[in-house]
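Reviewing the structure listed below.
Below, chains carry the letters A, B, ... as their sequence lines are ordered, and counting in each starts from 1. A quick note: this is a predicted structure, and the numbers were derived from the prediction, not measured.
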Amino acid sequence: MIFISFDALFDGCYTPLHLRPSGHRCLSGWRWSTQAMADKDKLIPRSEDFNEWYNSVVLKADMADYGPVRGTMIVKPYGWALWENMQKALDGRFKATGVQNAGFPMFIPMSFLEKEAKHVEGFAPELAVVTHGGGQELAEPLVVRPTSETIIGHAYANWVQSYRDLPVLINLWNSVVRWELRTKLFLRTLEFYWQEGHTAHATAAEAAERTRMMLDVYTDFAVNEAAIPVIPGEKSAAERFAGADQTLTIEAMMGDGKALQSGTSHNLGQNFAKAFDIQYLDPNNQLQHCWTTSFGLSTRFVGAIIMTHGDDNGLVLPPRLAPYQVVMVPIYKKDEEKTAVLTATQRIAQELTAAGVRVKVDDRDNVTPGYKFNDWELRGVPARIEIGPRDLEKNSVALARRDVPGREGKQFVSQDGLAQTVQALLTEIQANLLAKATAFRDAHTYDVTSYDELKEAVQTGFARAWWAGDGAAEQKVKEETKATIRCFPINQPDGSGTCFYTGKPADKVAIFGRAY
RNA sequence: CGGGGCAUGGCGCAGCCUGGUAGCGCGCUUCAAUGGGGUUGAAGAGGUCGUGGGUUCGAAUCCCGCUGCCCCGACCA
């Protein structure tokens, strides 16, 4: 038996827990129309209530469910399959840079957290602490990891003796716990799944290079796998990771114009190396502290995919990550039709599978084809093949694309060369999603030169502005507009300008936005 | 922690004011028909009414306590 308590250790420096998250869990996403049955199952349109749309689409699309403890999430197989595809895409990229996977304990001695002052200060309010184990009170409370920098630091201190031991390049696929007050499926839950990379280097330059390298990995992943046009940039001091010298981020714009921090890469400098004595002897026999980095991307990114591409009809998943790229719906009336149609369906499914396409055959007999069309559109499957008696006669199938909803996205194509046709369509859909998301983001990003313009801009999107303010000014803007500096983009314009807030000369532009 | 609200089959709700032993829709099971954009009909299964106490011949219903949950605020890598 394990008891977890959240008080005692940080009296006064954390926020009490008796509060309620948002996350409207009752299914008020359904509309009630006693007359037309069809209305009953319809989603609240995204355009009508983005928040409600998100909550209900996550549940209805079978991505996730609420856990029994407030703020916890059950990831269902369909959502997990998407996460698995994301994991594969990321894992390959990490390994290509020399990173290896490992597993680290979930329990961390409280004393570890306390070794890095800013780190513990940042995390104390949201720690889950284990005070009992095996029926007895523990001598030292254990923290359920909110992230693993400290326990990694402890290990690396043992692992690293010589410059020949460096760099250390480790990644963990695990879950972490942060006791959040306001939760929302995928975006912010008490426990979430992610990867956290941890590296140690001999020089500051190498650590800086690594920090940037992983940012580029995330950017590449977001753009080319998820079709999300992120803005890579640097966080302001106020938004920096607790214990980092520098935090790089990829910021995405959701369909409601709000920002979502979608992945972060931190240069930890020598902060953790000094706190945990991660030292090595250099070639001159001089003892040196290492330079460390960490980087993470979580299941929150699933939320990014949902909110970037989804539409009034539900999810729209990018083909490269979608659990099913194609769903096949057989259509028949009589038994002999059924046999012939199902035979052809299986044959085509095998051809597509052999060509590397992820195919789902929906042979449910208790719902109509029309129901299946809507069902799979809600679940965001990129393409759909309908095959019926008429197709058997004409050697054709109906091929529908999710990014063009309704009948407009449907065409009849030959069964000959269908695998190639489908692959070409998937490629086109992938490109179209990225193009649409990019166009949306650009249309909702405004260059502003005055505070009034900024206030207006962040109502519907991002404001891009020259900035020379300090932390206090940034805080003031946050209080007055609810918008924060999302990042200073890596790609900066040439020259310099005037800060819209302080009127001082500024040498960099910042992206402001309201954020999740 | 401040303000507001809710708790009744798997889900969403009605019933409560004016006490008399629980009902509707969806979903689920079975059968038949239907099937190219959310399909009908018939027959079924399923509830200690959050919890503890009180009032009463009798409590889902009235009273008190407790717990949990939702919304707004504060808080938040």
(request) In plain terms, say whether A:E386 and A:R384 are close enough for a salt bridge, that is, a side-chain N and a carboxylate O under 4.0 Å apart. (result) yes
(message) Nearest whole Å is fine: how far is B:G35 C1' from A:L342 CG?
(response) 13 Å
(message) Strictly below 4.0 Å: does A:R182 bring a side-chain N or O up to OP1 or OP2 of B:G73?
(response) yes
(request) Measure up the A:Y78 and A:W376 rings against each other and bin them: parallel (under 30°), tilted (30 to 60°), perpendicular (over 60°). (result) perpendicular
(message) With a 4.0 Å cut-off on N to O distance, would you call A:D311 and A:R46 a salt bridge?
(response) no
(message) Tell me which nucleotide, if any, is Watson-Crick or G-U wobble paired with B:C17 when both distances must be under 3.5 Å.
(response) none
(request) Using the P atoms only, state how far B:A22 lies from B:G41, rounded to an integer number of Å. (result) 28 Å
(request) Provide the Watson-Crick or G-U wobble partner of B:A32, both distances under 3.5 Å; none if there is no partner. (result) B:U40
(request) For nucleotides B:U67 and B:U51, find the distance between their C1' atoms and express it as a whole number of Å. (result) 7 Å
(request) Sticking with atom C1', work out how far B:U39 lies from B:G35, rounded to a whole angstrom. (result) 8 Å
Identify each atom pair where a protein N or O and an N or O of nucleotides 28-33 of chain B are less than 3.5 Å apart, giving names and distance.
none

(message) Please report the distance, rounded to the nearest Å, between CE in A:M328 and P in B:G36.
(response) 17 Å
(message) With a 4.5 Å cut-off on side-chain heavy atoms, are A:V176 and A:P146 touching?
(response) no
(message) What is the distance, to the nearest angstrom, from the CG atom on A:L59 to the P atom on B:C26?
(response) 21 Å
(message) Output the rounded distance in Å from CG (A:N55) to P (B:C69).
(response) 17 Å
(request) Can you spot which of A:T293, A:N267, A:N271 makes a side chain to side chain donor-acceptor pair (under 3.5 Å) with A:D245? (result) A:N271
(request) For A:R364 and B:U34, give me the distance from atom CZ to atom P, rounded to whole Å. (result) 21 Å
(message) Nearest to the A:I331 side chain among B:A74, B:G36, B:G37, which nucleotide is it?
(response) B:G36
(message) Let's see if you can work this out: which of B:G37, B:G38, B:G35 has an atom nearest to the side-chain heavy atoms of A:Y371?
(response) B:G38
(request) Check the distance between B:U39's C1' and A:Y332's OH and give it to me in whole angstrom. (result) 14 Å
(message) With rounding to the closest Å, how many angstrom separate the C1' atoms on B:U40 and B:U18?
(response) 42 Å
(request) Give me the ring orientation class for A:F272 and A:H119: parallel if the planes are under 30° apart, tilted from 30 to 60°, perpendicular past 60°. (result) perpendicular
(request) May I ask you to decide whether A:K455 forms a salt bridge with A:E480, counting only side-chain N to carboxylate O separations under 4.0 Å? (result) no
(message) Would you measure the distance from the P atom in B:A7 across to the matching atom in B:A60 and give it in whole Å?
(response) 16 Å
(message) For the C1' atoms, the ones on B:U61 and on B:G15, what distance do you get once it is rounded to whole angstrom?
(response) 9 Å
(message) Taking the minimum atom-to-atom distance to the side chain of A:R188, which one of B:G73, B:G35, B:C76 wins?
(response) B:C76
(request) Look at the side chain of A:E377 and decide which nucleotide, out of B:G35, B:G37, B:G36, has an atom nearest to it. (result) B:G37
(request) Could you please name the option among B:G36, B:C75, B:G35 that lies closest to any side-chain atom of A:R390? (result) B:G36
(request) Using Watson-Crick or G-U wobble geometry with both distances below 3.5 Å, tell me the partner of B:G27, or none. (result) none
(message) Under a 4.0 Å threshold between the charged nitrogen and the carboxylate oxygen, would A:E351 count as salt-bridged to A:R347?
(response) yes
(message) Base, sugar-phosphate or nothing for A:G122? Non-hydrogen atoms, less than 4.0 Å.
(response) nothing
(message) Taking the C1' atom in each of B:G46 and B:U29, what is the distance between them to the nearest angstrom?
(response) 11 Å
(message) Let's test this: given Watson-Crick or G-U wobble pairing with both distances under 3.5 Å, identify the partner of B:G2.
(response) B:C72
(request) Identify whether any heavy atom of A:T247 sits under 4.0 Å from a base atom; if not, whether one sits that close to sugar-phosphate; answer base, sugar-phosphate or nothing. (result) nothing
(request) Could you please name the option among B:C76, B:G36, B:C75 that lies closest to any side-chain atom of A:E126? (result) B:C76
(request) Applying ring-ring contact (aromatic ring centres under 6.0 Å, His included), name anything that partners A:H198, two or more places apart in sequence or on another chain. (result) none
(request) Tell me the partner of B:G46, counting only Watson-Crick (N1-N3 plus N6-O4 or O6-N4) or G-U wobble (N1-O2 and O6-N3) with both under 3.5 Å; none if nothing fits. (result) none
(message) Can you tell me which nucleotide in B:G37, B:C75, B:G36 comes closest to the side chain of A:D391?
(response) B:G36
(message) Roughly how many Å apart are B:G12 and B:U8, using the P atom of each and rounding to a whole number?
(response) 8 Å
(request) Write down the distance between CG (A:D375) and C1' (B:G38), rounded to a whole number of angstrom. (result) 9 Å
(request) Ignoring hydrogens and angles, state whether a donor on the side chain of A:E251 or A:S262 is under 3.5 Å from an acceptor on the partner side chain. (result) no
(request) Measure distances between side-chain N and O atoms of A:R384 and base N and O atoms of B:G37, and say whether any donor-acceptor pair falls under 3.5 Å. (result) yes
(message) Taking only side-chain N and O atoms of A:T368, does any of them lie within less than 4.0 angstrom of OP1 or OP2 on B:G35?
(response) no
(request) Let me know the distance between NZ of A:K482 and P of B:C75, rounded to the nearest Å. (result) 10 Å
(request) Would you indicate which nucleotide in B:C76, B:C75, B:G38 comes nearest to any side-chain atom of A:E180? (result) B:C76
(request) Spell out yes or no: do the side chain of A:K372 and the base of B:G38 have one donor N/O and one acceptor N/O closer than 3.5 Å? (result) no
